[in-house]
Amino acid sequence: MAAGEAIVDWYVTAARDLPWRRPGVDAWAVLVSEVMLQQTPVARVEPIWREWMARWPTPADLAAVPPADVIRAWGKLGYPRRALRLREAAVAVVERHGGVVPADVPALEALPGVGTYTARAVACFGYGQPQPVVDTNVRRVMARVLHGRAEAGNARAADLTDVASLTPTDTDRATRFSVAVMELGALVCVARVPRCAVCPVRDRCAWRLAGSPAHDGPPRRVQKFAGTDRQVRGRLLDVLRAAPEPVDSAALEPAWDDAVQRSRCLDSLLTDGLVEQTADGLFTLPA
DNA sequence: AAAGCGTGGTC
DNA sequence: TGACCAAGCTT
């Protein structure tokens with residue numbers, strides 16, 4: 001049996017029961033889950049996704065509310081620009097697609113905050129299309145199984161042909177393969193300590209057959225967080241999320257000591273549309 | 001095309 | 001303890 005087939009079979013018994021994978025979940029719900037899952041772990045997404053689905057079950061529901069509501073409901077998932085873009089995507093779905101999430105990849109990619117990965121994930125998971133779906137998990141699986149390397153490099157165009165080479169020919173199994181290979185990367189072929197003993201393709205993994213060599217390329221550098229503008233922006237937004245009314249700049253001072261950095265970050269939040277200044281100069285989440 | 005963008009859990 | 005990591009996108 002080909003590797004791709006083995007991965008699909010493995011998924012049948014090993015898959016997590018995630019709420020956005022249940023039958024009857026529509027493409028809108030899938031889109032929301034995918035955007036939330038961009039760089040944020042499943043465990044933190046789950047409760048927020050449930051709240052969003054109860055509150056805004058259709059794109060029109062989300063499109064109708066002010067950004068402030070959306071930013072607050074995003075909570076501390078991180079990268080709050082995603083919340084803004086998701087709302088903008090909902091507006092675009094209403095305006096351009098009659099309120100129905102489009103099913104074709106180019107139309108999906110044209111939505112704010114939807115890139116190569118998310119567009120195909122929605123087409124595949126939301127609409128059952130046999131689309132190649134490549135995320136960080138899949139790239140890692142490909143690096144090991146196909147290329148014998150311990151770690152994946154950056155995303156590249158050839159990723160799609162890599163996945164295609166493993167994909168089952170049967171349409172239905174091809175569709176399921178896309179979730180399955182992601183799940184394999186998330187549960188078994190993980191970054192730090194892969195669980196090769198339970199891997200369905202352990203006997204034909206190029207990396208393992210090569211003796212599991214350590215990563216040799218340049219170390220991928222991890223982003224700093226403490227002291228960066230990202231942390232300061234997060235602090236400022238924290239204050240504004242909690243404030244029932246617009247606040248003056250003095251109310252933002254406790255968020256960060258360095259006035260220069262604080263001011264720079266407030267400006268960038270204004271530029272991003274995550275913060276708004278009222279006519280009398282107070283700061284608030286955008287209405 | 002490299003850098004910026006949040007947050008919290010893990011080892 | 002702090003580096004590393006988590007279903008990327010945008011500019």
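The chains referred to below are lettered A, B, ... by the order of the sequence lines, with proteins before strands, and numbering in each begins at 1.
- Across the C1' atoms, C:dT11 and B:dT7 are found 23 Å apart, a figure rounded to whole Å.
- Summarising the geometry, the separation between CG on A:D135 and P on C:dC5 is reported as 15 Å, rounded to the nearest angstrom.
- If you check C:dA7, B:dT7, C:dC4 against the side chain of A:V222, the one that comes closest is C:dC4.
- Counting non-hydrogen atoms under 4.0 angstrom, A:D229 reaches the backbone sugars and phosphates but no base.
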A:S178 vs A:Q131, side-chain hydrogen bond (donor to acceptor under 3.5 Å, both in side chains): CA-CA, chis, key distance, verdict: CA-CA 7 Å; A:S178 290; A:Q131 293 285 348; over 6 Å; no
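- Along DNA chain C, the nucleotide nearest to A:P112 and the one nearest to A:L18 differ in position, and the one closer to the 5' end is contacted by A:L18.
- Taking atom C1' in both B:dC5 and C:dA6, the straight-line distance is 15 Å, to the nearest Å.
- A:R16 comes within 4.0 angstrom of a base, heavy atoms only.
- Here B:dA3 presents its C1' atom at 7 Å from CZ of A:R221, a figure rounded to the nearest Å.
- Distance check: A:R120 CZ to A:Q129 CD gives 10.5 Å after rounding to the nearest 0.5 Å.
- Heavy atoms of A:R21 sit under 4.0 angstrom from at least one base atom.
- A donor N or O paired with an acceptor N or O is not found under 3.5 Å between the base of B:dG4 and the side-chain atoms of A:T228.
- Counting non-hydrogen atoms under 4.0 angstrom, A:W74 reaches nothing in the nucleic acid.
- Ranking B:dG6, C:dA6, C:dA7 by closeness to the A:P41 side chain, first place goes to C:dA6.
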Full working for salt bridge (charged side-chain N to carboxylate O under 4.0 Å, His left out) between A:E183 and A:R16: CA-CA 8 Å; A:E183 191 77 336; A:R16 289 167 293 178; 2.7 Å; yes
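- Interface remark: the A:Q223 side chain does form a donor-acceptor pair with the B:dC5 base, using a distance-only criterion of under 3.5 Å.
- Regarding A:F225, its CZ atom lies at a distance of 18 Å from the P atom of C:dA6, rounded to whole Å.
- Side-chain contact of A:Y117 with A:E34: a donor-acceptor pair under 3.5 Å is present, judged by distance alone.
- Within 4.0 Å of A:T118, counting heavy atoms only, lie sugar-phosphate atoms of the nucleic acid but no base atom.
- Computed from coordinates, the A:L37 CG to C:dA6 C1' distance equals 10 Å when rounded to whole Å.
- Both A:V232 and A:L270 belong to a single network of hydrophobic side chains, linked directly or stepwise wherever heavy atoms of I, L, V, M, F, W or Y lie under 4.5 Å apart.
- Side-chain N/O atoms of A:R85 and base N/O atoms of C:dT10 include no donor-acceptor pair closer than 3.5 Å.
- Within the 4.0 angstrom heavy-atom criterion, only backbone atoms of the sugar-phosphate kind lie near A:R241; the bases stay farther away.
- A:V35 comes within 4.0 angstrom of nothing in the nucleic acid, heavy atoms only.
- Distance from the side chain of A:Q39 is smallest for C:dG8 among the nucleotides C:dA6, C:dG8, B:dC5.
- Outside the 6.0 Å centre-distance limit, the rings of A:W56 and A:W28 are not counted as a close aromatic pair.
- Taking only distance into account, the side chain of A:R192 meets the base of C:dC4 through a donor-acceptor pair shorter than 3.5 Å.
- Nucleic acid contact class of A:L236 (heavy atoms, under 4.0 Å, all strands): none.
- Among the protein residues, A:S268 comes within range of no part of the nucleic acid, since none of its heavy atoms lies under 4.0 Å from any strand.
- Comparing the same atom, C1', in C:dG8 and in B:dA1 gives a spacing of 15 Å after rounding to whole Å.
- Using a 4.0 Å heavy-atom distance criterion, A:R44 is classed as a base contact.
- Checking B:dC5, C:dA7, C:dC4 against the side-chain heavy atoms of A:Y79 singles out B:dC5 as nearest.
- Look at CG on A:L84: it is 15 Å from C1' on B:dG6, rounded to the nearest Å.
- Heavy atoms of A:L77 sit under 4.0 angstrom from at least one base atom.
- Atom CD of A:Q231 is separated from atom C1' of B:dT7 by 10 Å (rounded to the nearest Å).
- Nucleic acid contact class of A:A191 (heavy atoms, under 4.0 Å, all strands): sugar-phosphate only.
- Between A:T116 and A:T40, the residue anchored nearer the 5' end of DNA chain C, judged by the nucleotide with its closest heavy atom, is A:T40.
- When distances are taken from the side chain of A:K76 to each of B:dT7, C:dG8, C:dA7, the shortest belongs to B:dT7.
- Taking atom CG of residue A:N154 and atom P of nucleotide C:dG8, one finds them 13 Å apart after rounding to whole Å.
- The separation of C:dC4 from B:dG6, taken at their C1' atoms, amounts to 16 Å, rounded to a whole angstrom.
- Residues A:L146 and A:F177 share a single hydrophobic cluster, defined by chaining ILVMFWY side chains whose heavy atoms lie under 4.5 Å apart.
- One P atom belongs to C:dC9, the other to B:dG8, and the distance between them is 23 Å to the nearest Å.
- No hydrogens or angles considered: nothing links the side chains of A:T175 and A:D172 as a donor-acceptor pair under 3.5 Å.
- Following rounding to the nearest Å, A:K224 (NZ) and C:dT1 (C1') show an atom-to-atom distance of 13 Å.
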